[in-house]
Amino acid sequence: MRHSIVAGNWKMHKTYSETHTLLDELIEKLPSGKEVEVIVAPTFVNLASAVAHLEGTNVQVAAQNMHQAEGGAFTGEISAQMLTSIGVETVIIGHSERRHYFNETDAVLADKVNTALRHNMRVIYCIGEELKDRENKQFLNVIFNQLRDGLFHLTKEQWSNIVIAYEPVWAIGTGMTATPEQAQEIHAFIRQEIDRKYDKSVAENTSILYGGSVKPSNAQEIFSKPDVDGGLIGGAALVADDFVAIVNAAN
Ligand SMILES: O=C(CO)COP(=O)(O)O
């Protein structure tokens, strides 16, 4: 069901003790209301302890990635079953850093989505254009292709476990944010293409998050756009007061 979500992607930040310090601050400072779903995605080694630490709170834990295979000889990788066995039921798939630094293609990402859904996990699927695509005015094509190749093989029913995160690559970690109007334009385009491929109910029930230099100072304006259902937050998710302010902006 479409709803507001604010998710913190902690990337390769925070040691074990730093993770627990930040979680303690979040537990203390986050609002207790349930209007906005709050998710944190610490690094793999801290997932199990984060789940235990957050037990009894409204904060969910997500993984930042997973492997598409059920298991086997894949040194250094993590399976869906390993994640669900420690209580992690949401996974970020297709982050632009995975696409760029780890060569994850749409085909591989589609496989990862299939595996996650087979394990009843929820997927936060990231898409977004690079600066050159925006300059060449190819961004809608790029976004459409990512949607089609990563998600449009799914059945209508499977979409109940899909959340989309639109993260323009040029806005990630750069301090350059898409304007609220630019975000709204792309979110409306994504919803329209889901409607075209499936139907209105799938399009209207899918949460679409914006990511890319969201800060306390710009969150409210971005989240106020009709097709923006919340955010996927990087840098600002590492500072409790900033992340809490962004959650409050979505409330
Ligand atoms: O990549 C992001 C979240 O997944 C966004 O990162 P920043 O908020 O640091 O730009």
Side-chain angles (χ1 to χ4, degrees), residues 4-14 18-19 22 26 36-44 46-47 50 59-66 88 90-104 109 112-113 116 121-131 133-134 139 142-143 146-147 150-151 162-180 182-183 186-187 190 207-223 225 228-250:
S4 288
I5 300 172
V6 173
N9 174 10
W10 293 9
K11 306 190 181 185
M12 198 170 74
H13 295 289
K14 303 286 176 190
E18 289 165 353
T19 293
L22 180 52
L26 293 178
V36 180
E37 182 184 356
V38 179
I39 302 175
V40 292
T43 184
F44 282 125
N46 294 321
L47 286 176
V59 182
Q60 307 293 313
V61 176
Q64 299 174 15
N65 176 38
M66 53 163 251
V88 173
T90 301
V91 59
I92 299 170
I93 290 179
H95 192 279
S96 62
E97 287 147 20
R98 300 296 316 172
R99 293 174 186 264
H100 295 298
Y101 301 129
F102 302 94
N103 301 318
E104 295 192 0
L109 296 172
K112 292 191 177 203
V113 170
M121 297 182 78
R122 176 174 52 165
V123 172
I124 301 176
Y125 195 77
C126 302
I127 58 178
E129 82 283 2
E130 295 178 44
L131 188 56
D133 306 319
R134 195 156 268 274
F139 53 102
V142 168
I143 289 159
Q146 290 173 341
L147 269 178
L151 297 175
I162 300 292
V163 170
I164 291 179
Y166 167 60
E167 299 204 310
V169 176
W170 50 270
I172 295 178
T174 59
M176 273 168 73
T177 321
T179 64
Q182 283 172 325
I186 303 297
H187 283 229
I190 293 167
S207 300
I208 307 177
L209 316 182
Y210 170 79
S213 298
V214 177
K215 302 182 274 285
S217 57
N218 59 24
Q220 193 154 18
E221 209 186 343
I222 296 171
F223 296 164
K225 292 294 172 191
V228 178
D229 300 309
L232 182 55
I233 319 302
L238 301 172
V239 178
D241 286 335
D242 288 354
F243 188 66
V244 170
I246 292 169
V247 171
N248 285 331

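In listed order, ligands and their atoms are each counted from 1. Side chains included, hydrogens not; waters and symmetry mates left out as well; all remaining heavy atoms used.
Counted within 6.0 Å of CD on Glu130, heavy atoms from surrounding residues, nucleotides or ligands total more than 12; the atom is thus considered enclosed.
The side chain to side chain donor-acceptor pair (under 3.5 Å) test with Glu104 is passed by exactly one of Arg98, Arg99, His95: Arg98.
Lys215 pairs by the salt bridge (charged side-chain N to carboxylate O under 4.0 Å, His left out) definition with nothing, not counting sequence neighbours. By the salt bridge (charged side-chain N to carboxylate O under 4.0 Å, His left out) test, Lys11 pairs with Glu97, sequence neighbours left out. Under the rule for a side-chain contact (heavy atoms from CB on, under 4.5 Å), the partners of Val59 that lie at least two apart in sequence or sit in another chain are Leu30, Val38, Val40, Leu54, Thr57.
Panel note: side chain Asp229, backbone Ile208; a donor-acceptor pair is recorded below 3.5 Å.
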Hey, what polar pairs (N/O, under 3.5 Å) does ligand 1 make with protein?
unit_1: ligand 1; atom_1: 1 (O); unit_2: Lys11; atom_2: NZ; d: 2.8
unit_1: ligand 1; atom_1: 1 (O); unit_2: His95; atom_2: NE2; d: 2.8
unit_1: ligand 1; atom_1: 1 (O); unit_2: Glu167; atom_2: OE1; d: 3.4
unit_1: ligand 1; atom_1: 4 (O); unit_2: Asn9; atom_2: ND2; d: 3.0
unit_1: ligand 1; atom_1: 4 (O); unit_2: His95; atom_2: NE2; d: 2.9
unit_1: ligand 1; atom_1: 4 (O); unit_2: Glu167; atom_2: OE1; d: 3.2
unit_1: ligand 1; atom_1: 4 (O); unit_2: Glu167; atom_2: OE2; d: 2.9
unit_1: ligand 1; atom_1: 6 (O); unit_2: Lys11; atom_2: NZ; d: 3.4
unit_1: ligand 1; atom_1: 8 (O); unit_2: Ser213; atom_2: N; d: 3.4
unit_1: ligand 1; atom_1: 8 (O); unit_2: Gly234; atom_2: N; d: 2.9
unit_1: ligand 1; atom_1: 9 (O); unit_2: Gly235; atom_2: N; d: 2.8
unit_1: ligand 1; atom_1: 10 (O); unit_2: Gly173; atom_2: N; d: 2.6
unit_1: ligand 1; atom_1: 10 (O); unit_2: Ser213; atom_2: N; d: 2.8

